[in-house]
Amino acid sequence: MKKSVLTRYRVMAYVTAVMLLVLCTCMVFKYGFDTGEDLTFAVSQVHGFLYIIYLVFAFDLGSKAKWPFGKLLWVLLSGTIPFAAFFVERRVTRTVEPLIGEPAPAVAKA
């Protein structure tokens with residue numbers, strides 16, 4: 001497995017988690033203080049789009065790491081639970097990093 005697969009997942013995990021926290025903050029303002037309805041709509045659309053990209057990258061990583069279905073489902077759903085993606089990302093990184101091997105050096109033909 002290439003390191004870029006893990007890096008893509010990690011970037012999208014953080015971006016999705018931060019956008020979810022921004023969305024939660026916007027929703028507090030929308031429903032608690034009756035302000036920011038347009039901003040909440042825009043942030044929810046951006047988060048939804050980024051979450052779809054996160055799903056693709058997480059599924060790619062899970063299929064290459066050969067995770068069982070339960071673990072893959074938990075990783076996919078962590079983008080919908082505030083703060084969960086931060087913790088899941090760390091755990092995934094610790095388990096996947098040993099699977100990333102350096103490519104074997106090419107043997108020169110004589």
Side-chain angles (χ1 to χ4, degrees):
M1 177 183 342
K2 293 182 180 180
K3 186 173 181 160
S4 64
V5 175
L6 179 61
T7 303
R8 289 188 315 207
Y9 163 76
R10 291 185 73 189
V11 167
M12 286 311 299
Y14 280 117
V15 169
T16 303
V18 168
M19 284 303 296
L20 182 59
L21 293 177
V22 171
L23 177 60
C24 290
T25 304
C26 288
M27 292 184 79
V28 166
F29 280 100
K30 177 182 176 183
Y31 293 109
F33 303 107
D34 201 28
T35 184
E37 186 171 334
D38 294 336
L39 180 62
T40 303
F41 179 76
V43 170
S44 68
Q45 296 299 305
V46 171
H47 170 69
F49 179 74
L50 293 173
Y51 180 67
I52 291 170
I53 296 171
Y54 168 78
L55 289 176
V56 170
F57 289 163
F59 185 80
D60 182 43
L61 178 65
S63 64
K64 289 181 179 171
K66 301 192 184 335
W67 290 339
F69 180 73
K71 181 175 183 172
L72 179 62
L73 185 63
W74 172 242
V75 171
L76 294 175
L77 289 176
S78 70
T80 64
I81 304 168
F83 296 107
F86 294 113
F87 298 107
V88 172
E89 183 274 330
R90 285 306 310 150
R91 178 172 277 185
V92 165
T93 300
R94 283 190 210 121
T95 59
V96 171
E97 277 183 335
L99 301 176
I100 298 173
E102 294 296 322
V107 177
K109 293 183 180 182

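Residue numbers count from 1 along this sequence.
Looking at heavy atoms from C-beta onward, V96 lies out of side-chain contact with Y9 at the 4.5 angstrom threshold.
Atom CZ of R90 is surrounded by more than 12 heavy atoms from other residues, nucleotides or ligands within 6.0 Å.
Applying the ring pair (Phe, Tyr, Trp, His ring centres under 6.0 Å) rule to F49 yields no partners; only residues at least two apart in sequence or on another chain are considered. Contacts of F69 classified as ring pair (Phe, Tyr, Trp, His ring centres under 6.0 Å), with partners at least two apart in sequence or in another chain: none. Every side-chain contact (heavy atoms from CB on, under 4.5 Å) that F86 has, sequence neighbours left out, goes to Y14, A17, V18, L21, F83. Among residues two or more places apart in sequence or in another chain, the ring pair (Phe, Tyr, Trp, His ring centres under 6.0 Å) test is passed with F29 by F33. Take T93 and apply the side chain to side chain donor-acceptor pair (under 3.5 Å) test, not counting sequence neighbours, and it matches R10, E89.
A distance of 11.0 Å separates NZ in K30 from CG in L39, rounded to the nearest 0.5 Å. Going from atom CG of L55 over to atom CG of L77 covers 8.5 Å, rounded to the nearest 0.5 Å. Once rounded to the nearest 0.5 Å, the distance linking CG of L23 with OG1 of T16 reads 12.0 Å.
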Determine all donor-acceptor pairs shorter than 3.5 Å in which one atom belongs to a side chain in residues 57-68; sequence neighbours excluded.
| unit_1 | atom_1 | unit_2 | atom_2 | d |
| --- | --- | --- | --- | --- |
| D60 | OD1 | K64 | NZ | 3.4 |
| D60 | OD2 | R8 | NH2 | 2.4 |
| S63 | OG | F59 | O | 3.2 |
| S63 | OG | D60 | O | 2.9 |

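Screening residues 68-77 for salt bridge (Lys or Arg N to Asp or Glu O under 4.0 Å), with sequence neighbours left out, gives no hits. A side-chain hydrogen bond (donor to acceptor under 3.5 Å, both in side chains) check over residues 31-54, counting only residues at least two apart or in different chains, returns the pairs Y54-S78.
Smallest separation of non-hydrogen atoms from P82 and L20: N-CD2, 3.5 Å.
Hydrophobic cluster of I52: no remaining members, since no ILVMFWY side chain lies below 4.5 Å from it. Cluster partners of F41: none. The rule joins Ile, Leu, Val, Met, Phe, Trp and Tyr whenever side-chain heavy atoms lie under 4.5 Å apart, and it links nothing here.
Connection of V5 to V11 is established within a shared hydrophobic cluster, with ILVMFWY side chains joined at heavy-atom distances below 4.5 Å, either directly or through further cluster members. When the side chains of ILVMFWY residues are joined at heavy-atom separations under 4.5 Å, either directly or via intervening members, L72 and I53 end up in a single hydrophobic cluster.
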